[in-house]
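Structure first, commentary second.
Letters A, B, ... mirror the listed sequences (proteins, then strands); counts begin at 1.
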Amino acid sequence: MANIQVTIKDAVYEAAEGLTAGEALKLAKVPTKGPQRPLAARFNDELVDLSRPLAEDGVLEPVDQSAPEALDLLRHSVAHIMAEAVKSIFPEVKVTIGPAIENGFYYDFDKPEPFTPDDLGRIEDRMRAIVKAAQVFERSEMTPLKAVEFFKKQGEDYKVELVEDLVREQQVKKVSLYRLGDFVDLCRGPHVPDSSWGGSFKLLSVAGAYWRGDEHRPMLQRIYGTAFFGGKDLEAHLRLLEEAKRRDHRRLGKDLDLFSVTDEVGGGLIIWHPKGALLRVTLEEFERQEHLRRGYDIVMGPQILRTELWKRSGHWDNYRDNMYFTEIDGQGYGIKPMNCLAHMFIYRSQLRSFRDLPLRYFELGTVQRHEKSGVLHGLTRVRQFTQDDAHLFCTPETLDQEIKGILKLVDDLLGAFGFEYEIELSTRPAKSIGSDEAWELATGALQKALSDQKRPYEVNAGDGAFYGPKIDVKLKDALGRRWQCSTIQCDFTLPERFDLTYVDHDGQKKRPIMLHRTVFGSIERFIGILTEHYAGAFPAWLNPEQVRILTVTSRADEFARTVRTRLRREGLRAEADLRNEKLGYKIREAQMQKVPYVLVLGDKEVEDGAVAVRKLGGQDLGVMPLDSFLALAIFETKPPRWDF
RNA sequence: GCCCACAUAGCUCAGCAGGUAGAGCACGUCCUUGGUAAGGACGAGGUCAUCGGUUCAAGUCCGAUUGUGGGCUCCA
C-alpha cells in the first residue's frame, strides 16, 4: 500500500494510504478532549467525517465547535438522531429530508396520523437513549442504481425520488449514505463522529410542510428542534425564545391597550385604540416632517381606481387574486393594493420639464390586499395596512443621486430606533414585465449606488418586483431577529405604460425613471416590530403616554390637575392617576404601562410647587421645581432629527 | 389556501368519566389618606365563538362555519 503525505498545521506527515482523517489529526496531536476536540475535518477544502479514509496527498484541518459550520453540522446530525428515534417508534413512517436551519433543525416525515405533543416527549426520550449509546455515524457509498433499489425495498419513496433527481440534475455517479443504529439515510454529510455529541437538544414543535415546498405535493409533518454543543447554550437559546414570547406585540398590544383584532370585525383588520392610534399618528407625523425636510411633497390618492388602470399597470395579471374589486354604475373598480397609480396621475397632470425633476411624492397610503387566511399574524401580516410610500420621478442623470438620498433616509430613520440592517439586491423574477435593457439598466443603477457608498449587500436572484429590481433592507431588532421593511425599487416600465414624459434640455420628450420606495414598509407591521424591539417601553418621544402624575393622598389632587394642564399646554402627553390607591400600587401600574416619567405629588410637593420625578425602571431624579421638569421633559420628548 | 392544535367572565386560565359554570387579576360599592412595583371587606360579571347533529340530558361527544396559534405555500 502506498504512502501519502498529509499536511496538518504546516507540518507534513507521512502516513499509509487509507488512514482516516481522525487518525491523521491524532498524529498532529490535535486535542481529543475539551472544546478543541475536532468533530469533523476539512481535507483539501472538502468538509469530511473524521472516519473518512484519506486516499491522496493533501492539507488536513481540524474542524472543532468554534468553526462557522460546526453548529449546522451538529444540528444536522441531531436531525438524523431524531429520524432514527422516529423510525424506531413509528416504523411505518417515511422519511424525507432533515436539514439544519438558522436556529436549529427540522426533519419532515410522511405519517398518516399526526404527531401529538406526547409523541414529541417519547421521541425525545428515545433520542436521549441514542445519545447515551454513542452510536457511530457510518458512511458508505453506492451507485445511484443500488441506492434506488435499497430505498425501494425499504419503502422510502421520497428517498428514491431524491436519488433519481440527483442523477437527473447532477449526473451523480455515486451517492453517500449514513447509518446510525438501524437507520440508514441518504445524506451528503458529514456528521459528528457519534451520537454522544448531540446531547444538548430540544424538540420544539410539529407543523405541516409541503414536500419540497410545493403546495401541490403531499403535506408532510415537520418536527422542529434545536441543538447546541453545551447545555448552557441550549438554555440561553430557550431563554431567548421565552423573551421573544414575553415581547410578542400581540400580547403587549393587549397589555398596553394599543390595538385589537376581533373576528366580529374580520381577520387581519386592525382596530387602533386611543393609545395605539396616538403612537401611530406620532410615528406618522415624525415621518411626514422628515420627508418635507428632504424635499418630498405629501400627496393623497383615492382608495379605489378603475379596473382598466390595474390592467394597464400589470397588477391585474400578476395580483388580481389578491385584490378586491367592486362595480359602480356599471364601471369596474379595484381597491388599491399599492399607491403608485395615483402618483403617476399627479405627475401626468402637468407638462413636466427636466427642471421640475426630481419629483418626490410621499403618501401614507392605506392599501387592501386579500392575504390568504393562514398567513395573517397580529400587526405584521394584515389585510389593510398603511405604507409609508413614495414615488420619485427623475432623469437618468439624477437617478444615482436619488437612490443615494433614499439610502441616507433609510439610514437615518432606521437608526433613530437603534436598528442595524443588512442589504439585499433582488433581481428579475420569472414573472415580470419590461425589456431586458430596462432591467439591466435598473439593476445596474441600484448596484452602482450601493457599491459607490461601499455598502455591503447580497444578491437575491429572482426576487425582484414584477416591474423592476429592488434593494431590500433587513433590519435587526433587539433580539437579533431580521425583518424586511425598507425597499427601493427601480422602475422603467410603468412610466412607459402610462406614457409619462418630461421635456429635456433639447426640447425632446423623454421618459422619467420611477423609483418606488418605502422606509418602514407597513406602519402596522413596523409598530409591531417596534413594540417587540422595545419590549413595549417606547422612547419618550414616541410613547403615547409620556408623563403620569401620581398623588400620594387626595390632598394633592388639585395640584395634580394643575400640573397636568401645564404639561399638556406644552404639548406633553400627560395623565393623572387620582384614584384612591396606595402610591406603590399606582407606581406599579405606571411601570407596567411603560410610562417614561412618573411624577409623585404629596404634601411636600404641593407646598413647594415641585414634583418628584421617577423614570421608567426606577431611577429617581429627585424633587425639582415644575419648570425644571418641564424643560427636561420638553427636551427629552423631541423626536430625532438629522443634519444633512 | 394547506397540515395540526385551540376557542369558557374585560384579561389569564381551571372545569380532563356528558347531569343546568369556577379562580386570580381587572371592574363596582364601602372601609382605608397610605411616600416609590399589588391595603382590606363585600358585590356584580358568562346563551361556555357560531350553526347543526347524537343523547332523557352537551361547555364536555360528532360535523360544519368563523377566528386564533404553530408551521408550509404566498407577500407588488
Side-chain angles (χ1 to χ4, degrees), chain A residues 106 108 111 113-117 204-224 245 248 250-251 254-255 257 260-269 310 313-315 317-323 336-340 367 369-378 380-382 385 387 389 429 431-433 463-468 470 484 487 489 491 494 516 518 521-522 525 550-557 580-593 598-605 612-620 623:
Chain A
Y106 66 77
D108 285 348
K111 176 172 177 288
E113 274 77 45
F115 289 110
T116 65
L204 298 172
S205 60
V206 193
Y210 298 112
W211 167 233
R212 308 205 120 178
D214 183 341
E215 60 182 317
H216 305 294
R217 309 210 57 184
M219 179 65 72
L220 307 170
Q221 291 189 63
R222 175 171 298 179
I223 302 181
Y224 283 95
K245 227 187 211 168
D248 190 316
R250 293 165 300 180
R251 164 181 287 274
K254 205 172 266 175
D255 291 349
D257 197 20
S260 61
V261 187
T262 155
D263 58 342
E264 286 174 282
V265 171
L269 301 171
W310 301 112
S313 68
H315 287 89
D317 288 338
N318 285 283
Y319 290 107
R320 73 170 162 261
D321 291 345
N322 294 308
M323 286 180 64
K336 68 173 173 177
M338 26 64 62
N339 306 294
C340 36
V367 299
R369 295 181 182 179
H370 181 194
E371 304 288 3
K372 289 180 181 177
S373 58
V375 308
L376 302 176
H377 182 94
T380 60
R381 197 76 185 272
V382 293
F385 61 99
Q387 295 177 305
D389 205 359
K431 228 175 155 185
S432 65
I433 58 176
D463 213 26
F466 72 86
Y467 47 71
K470 55 182 186 167
Q484 205 240 288
T487 177
Q489 307 172 356
D491 182 1
L494 285 180
H516 309 243
T518 64
S522 144
R525 185 177 135 90
L550 308 184
T551 49
V552 180
T553 72
S554 56
R555 290 188 298 278
D557 286 2
N580 177 14
E581 294 290 352
K582 289 198 160 180
L583 181 60
Y585 182 90
K586 296 184 186 181
I587 296 253
R588 178 181 143 85
E589 210 152 90
Q591 296 294 299
M592 291 195 308
Q593 291 293 306
V598 162
L599 301 185
V600 175
L601 307 187
D603 292 339
K604 283 181 281 183
E605 288 76 17
V613 185
R614 184 196 207 270
K615 284 182 81 165
L616 177 59
Q619 193 194 348
D620 189 355
V623 180

From C-beta outward on A/Lys470, which listed nucleotide comes closest to its side chain: B/A76, B/A37, B/C74?
B/A76

Compare the minimum distances between each of B/U36, B/G39, B/U68 and the side chain of A/Leu583, then state the nucleotide with the smallest one.
B/U36

Within the structure shown, what part of the strands sits under 4.0 Å from A/Asn322 by heavy-atom distance: base, sugar-phosphate, or nothing?
base

Need one value for A/Ser205: base, sugar-phosphate or nothing, where a base atom within 4.0 Å counts as base even if backbone is also close, heavy atoms only.
sugar-phosphate

Say we look at B/A38 and B/A26: how far apart would their C1' atoms be, to the nearest angstrom?
12 Å

Check this one for me: any side-chain N or O of A/Lys254 less than 4.0 Å away from OP1 or OP2 of B/U12?
yes

Let me know the distance between NZ of A/Lys604 and C1' of B/U33, rounded to the nearest Å.
15 Å

Applying the 3.5 Å cut-off to both distances, the Watson-Crick or G-U partner of B/G69 turns out to be B/C4

B/G69 phosphate, OP1 or OP2: any side-chain N/O from A/Arg250 under 4.0 angstrom?
yes

Which distance, rounded to the nearest 0.5 Å, do you find between the CZ of A/Arg222 and the OH of A/Tyr106?
4.0 Å

Without decimals, in angstroms, what is the distance between A/Glu113 CD and B/C4 P?
11 Å

Any strand counts, and the cut-off is 3.5 Å on both contacts for Watson-Crick or G-U wobble. Which nucleotide pairs with B/G19?
B/C56

Applying the 3.5 Å cut-off to both distances, the Watson-Crick or G-U partner of B/U50 turns out to be B/A64

For B/A37 and A/Arg614 - does any side-chain N or O of the residue sit under 4.0 Å from the phosphate oxygens OP1/OP2?
yes

Look at the side chain of A/Arg381 and the base of B/C74, then say whether one donor and one acceptor between them are separated by less than 3.5 Å.
yes

With P as the reference atom in both, quote the distance from B/C30 to B/U66 in angstrom, rounded to an integer.
48 Å

Determine the contact category for A/Phe115: base if any of its heavy atoms lies under 4.0 Å from a base atom, sugar-phosphate if only primed atoms, P, OP1 or OP2 are that close, otherwise nothing.
nothing

What is the separation between atom CE on A/Met592 and atom P on B/U12, rounded to the nearest whole Å?
15 Å

Using a cut-off of 4.0 Å on non-hydrogen atoms, how would the nucleic acid contact of A/Asp603 be classed: base, sugar-phosphate, or nothing?
base

When all nucleic acid strands are considered with a 4.0 Å heavy-atom cut-off, which category describes A/Gln489: base, sugar-phosphate, or nothing?
sugar-phosphate

Rounding to an integer number of angstrom, what distance separates B/A9 and B/C25 when you compare their C1' atoms?
12 Å

Does A/Tyr224 have a side-chain nitrogen or oxygen under 4.0 Å from the phosphate oxygens OP1 or OP2 of B/C72?
yes

Has the side chain of A/Arg381 got a donor or acceptor atom that lies under 3.5 Å from a matching backbone atom of A/Gly374?
no

Could you check whether any side-chain N or O of A/Gln489 sits under 3.5 Å from a backbone N or O of A/Ala465, counting only pairs where one atom can act as donor and the other as acceptor?
no

Quiz item: A/Glu605 side-chain donor-acceptor pair to B/G35 base, under 3.5 Å
yes

Side-chain-base donor-acceptor pair under 3.5 Å for A/Tyr210 and B/G1:
yes

Check whether the ring centres of A/Tyr210 and A/His216 lie less than 6.0 Å apart, and answer yes or no.
no

Residue matched to B/C25 through Watson-Crick or wobble contacts both under 3.5 angstrom
B/G10

Over how many whole Å does the gap from A/Lys431 atom NZ to B/U73 atom C1' extend?
14 Å

Please report, rounded to the nearest Å, how far the P atom of B/G35 is from the CZ atom of A/Arg588.
19 Å

OP1 or OP2 of B/G70 versus the side-chain N and O atoms of A/His377: is any pair under 4.0 Å?
yes

Of the candidate nucleotides B/G34, B/A76, B/C74, which contains the atom at the shortest distance from the side chain of A/Thr553?
B/G34

Side-chain N or O of A/Tyr106 versus OP1/OP2 of B/G70: is the shortest distance under 4.0 Å?
no

Please report, rounded to the nearest Å, how far the C1' atom of B/G39 is from the NZ atom of A/Lys582.
4 Å

Under 4.0 angstrom, heavy atoms only, what part of the nucleic acid is A/Gly602 near: base, sugar-phosphate, or nothing?
base

As an exercise, state the distance from CE of A/Met323 to CH2 of A/Trp310, rounded to the nearest 0.5 Å.
5.0 Å

Toward the 5' end of RNA chain B, which comes first, A/Ala209 or A/His516, by nearest nucleotide?
A/Ala209

Taking 5.5 Å and 30° as the limits, would you call A/Tyr319 and the base of B/A76 a stacked pair?
yes

Please report the distance separating the P of B/A44 from the corresponding atom of B/G28, rounded so that it comes out in whole Å.
16 Å

Nearest-angstrom distance, P atom, B/G10 to B/A37
32 Å

A/Phe466 CZ - B/C74 P separation (whole Å)
18 Å

Would you measure the distance from the P atom in B/U12 across to the matching atom in B/C72 and give it in whole Å?
26 Å

Closest of B/G71, B/U33, B/U73 to the A/Ala207 side chain is B/G71

What distance, rounded to whole Å, do you find between the two C1' atoms, one in B/A41 and one in B/U68?
39 Å

For the side chain of A/Met323, starting at C-beta, report the closest nucleotide among B/U36, B/G70, B/A76.
B/A76

Rounded to the nearest 0.5 Å, the NZ atom of A/Lys582 sits from the CG atom of A/Leu550 at a distance of 15.5 Å

Closest heavy-atom contact between A/Leu494 and A/Ser313?
CD2-O, 3.5 Å

Which of B/U33, B/A76, B/G67 is nearest the side chain of A/Asp263? It is B/G67

When the P atoms of B/U60 and B/A49 are considered, how many whole Å apart are they?
8 Å

Expressed as a whole number of angstroms, how long is the span from A/Lys586:NZ to B/G39:P?
12 Å

Roughly how far, to the nearest 0.5 Å, is the CD atom of A/Gln387 from the CZ atom of A/Arg525?
11.5 Å

Could you let me know what B/U36 is paired to, Watson-Crick or G-U wobble, both distances under 3.5 Å, or none if it's on its own?
none

